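What follows is a short report on a single structure.
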There are 2 protein chains.
Amino acid sequence: MYSIGEFSKITGLSVKTLRFYHEQGVLKPTCVDDQTGYRYYDDTKIETARVIRALRDLEVPLDDVAEILRSHEDEGDVLEFLERHRQAMEAKLRQLTMIRASLDRIILQQREARRAMQNATFEVQEKVVDSLLIAGVRMQGRYSECGKGFSQIGRRMGRYISGKPLLLIYDAEYKEDDADFEACMPVSKETTTEGISVRPLAGGRCVSLVHLGPYEELGRSYAKILDYVKRKGYKLRSPCREVYLKGPGMIFKGNPKKYLTEIQMLIEE
Amino acid sequence: MYSIGEFSKITGLSVKTLRFYHEQGVLKPTCVDDQTGYRYYDDTKIETARVIRALRDLEVPLDDVAEILRSHEDEGDVLEFLERHRQAMEAKLRQLTMIRASLDRIILQQREARRAMQNATFEVQEKVVDSLLIAGVRMQGRYSECGKGFSQIGRRMGRYISGKPLLLIYDAEYKEDDADFEACMPVSKETTTEGISVRPLAGGRCVSLVHLGPYEELGRSYAKILDYVKRKGYKLRSPCREVYLKGPGMIFKGNPKKYLTEIQMLIEE
DNA sequence: ATAGGGCCTCCCGCAAGGGGAGAGTCAACG
DNA sequence: CGTTGACTCTCCCCTTGCGGGAGGCCCTAT
């Protein structure tokens, strides 16, 4: 017979834990001294303790452990128990996997936003953009409505999004209330989804300007880039693009004064 | 201004949760009526509530949420916070993955044991065993020591184990104290590991007998199978094999009277 | 006799709320 | 103006699986 301290050293379960297991009826001492209340364990309890440890290491709830130990005679019950527990673990695992994926997306997004902030010159530049596969939702109305389109794409294509959201603007002139535009996300996989157009978007030479500040002040940057285009005598190819390098994130709305938006206007060569 | 019930419907956070968040200082009402203690929230709190929801959905601890909201000005801090949180989630995920793998192994083992119990005839049979890839630890001493070898293989090769443990017995005659044997596990991948020999084990025609009962009684079945071999005039090929169809499991020691052990003796053709 | 360690019970704490009791408040309806 | 039903308040206990500590009893050795 072992005292609780000795038994604790043998099994690796803390004294507190052993008392708790006694209270819960999971692992009862072989005998308890009436006078002193001292708990004593014998050798057969070592095996029981090992079983409990094994099950707890598998994160089986203590109540279930107790039940397993009670109906231990029939090994078939245990199998079904374990299968149910596996289901539970699997569910947790799926949830954690999704959380990790979300975190990865958010972190990547933040990192890119930070890099974009460092690289931005806030001057008109000429560059070549690659063609890329996009998923888009064409909309009419106010630009402020475009969030709906982005979230629709996010819900349907979440796993395949591979870049910054962008807006294609089909109007030749600025319209406030009845604009014609398309909310787009670069995607890595060509899937067919109702209401969402997945297709390649052609690249080419373009003039580009990164705008720092809230969307209401985009007009200032448009003026700057259009002035540049006019001086150079370039001919524009519709639609014009806005790439949201840094905007309201998935968690924080952020500070609009720090939003970064790249205006891209493709030109004919 | 919204009452707590209205705000609850707007944000999807329960009234209880809102009161709790107030108590924890995570989301304070815009004002509280001195007389009645009623909490009132304004529109700006909706955004805060959304942020909290987003972070809680990512299982960020409430204390961290509070800290994030306090130091919300600097978005860089948030990024590091999220990276740390990702680490934590990753650790949990790894643990869960290991638990799931263990559960899978145990469940599969139990299922196979059950099937083996149903299929066993307890008569000597002749059959052909396939060759299979094994990981083995050669040992000298008592058979009861073989558990060490199996657990060593389990620790090193856990992921690749693809079948029942088996023992190769190199002695020509029965030895008690100084037996020469090898604890083996079928594995799916040929890896090199110190102290463990991974190699293919040749198959072939063999006589086989499934033994039901504790290992101490194996002698009875050995007598039976050797008698059969002698009557048939077969010539045996060393080593002899014991396959542990059902023995002490990873959780339960089980009932030795229900242990199933298959004795396989390969014969020359 | 006393000192030191071991053991006992009882209570509080953790994370993130849920459930409910008992009492006070608000808004609408007759 | 009174009442009623819905709403809200605080306070307390519950969850899981223990850990920490207080205050007190027990055992053995010197």
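To find a chain, count down the sequence lines: A is the first, B the second, and so on, and within it residues start at 1. What you are looking at is a predicted structure, and each value in this text was computed from that prediction instead of being measured.
In this structure, the side chains of Val65(A) and Tyr21(A) stay at 4.5 Å or more apart for every pair of heavy atoms.
Considering only the side chain of Thr17(A), dC18(D) comes nearest among dC18(D), dG17(C), dG18(C). Set against dT8(D), dC7(C), dT9(C), the side chain of Ile4(A) has dC7(C) as its closest nucleotide.
Residue Ser14(A) has no polar side-chain atom (N or O) positioned under 4.0 Å from OP1 or OP2 of dC18(D). Under 4.0 angstrom from either OP1 or OP2 of dC7(C) there lies no side-chain N or O belonging to Arg39(A). Phosphate contact (OP1/OP2 of dG17(C), side-chain N/O of Arg56(B), threshold under 4.0 Å): present. A close approach under 4.0 Å does not occur between any side-chain nitrogen or oxygen of Arg19(A) and OP1 or OP2 of dC18(D).
Taken from CZ in Arg155(A) to CD1 in Ile196(A), the straight-line distance is 8.5 Å, to the nearest 0.5 Å.
Between Tyr259(A) and Tyr215(A), the ring-plane angle classifies as tilted under the 30° and 60° cut-offs.
The separation between Asp34(B) atom CG and dC9(D) atom P is 14 Å, rounded to whole Å. For the pair Leu18(B) CG and dT8(D) C1', the computed distance is 13 Å after rounding to whole Å. Summarising the geometry, the separation between NE2 on His22(B) and C1' on dC9(D) is reported as 12 Å, rounded to the nearest angstrom. Between Gln35(B) atom CD and dC7(D) atom P there is a gap of 23 Å when expressed in whole angstrom units. Distance CE (Met1(B)) to P (dA27(C)): 13 Å, rounded to an integer number of Å.
Position along DNA chain D of the nearest nucleotide to Phe20(A) versus Tyr40(A) favours Phe20(A) as the more 5'-ward residue.
Within the nucleic acid shown, Tyr21(A) comes within 4.0 Å of sugar-phosphate atoms alone, with no base atom in reach, counting heavy atoms only.
One can find a donor-acceptor pair under 3.5 Å joining the base of dG24(C) and the side-chain atoms of Tyr38(B). Between the base of dG17(D) and the side chain of Lys16(A) there is no donor-acceptor pair shorter than 3.5 Å.
For Glu6(A) and Lys9(A), the salt-bridge test fails: no basic side-chain N is under 4.0 Å from an acidic carboxylate O. Ion pairing between Glu145(A) and Lys148(A) holds under the 4.0 Å rule for side-chain N and carboxylate O.
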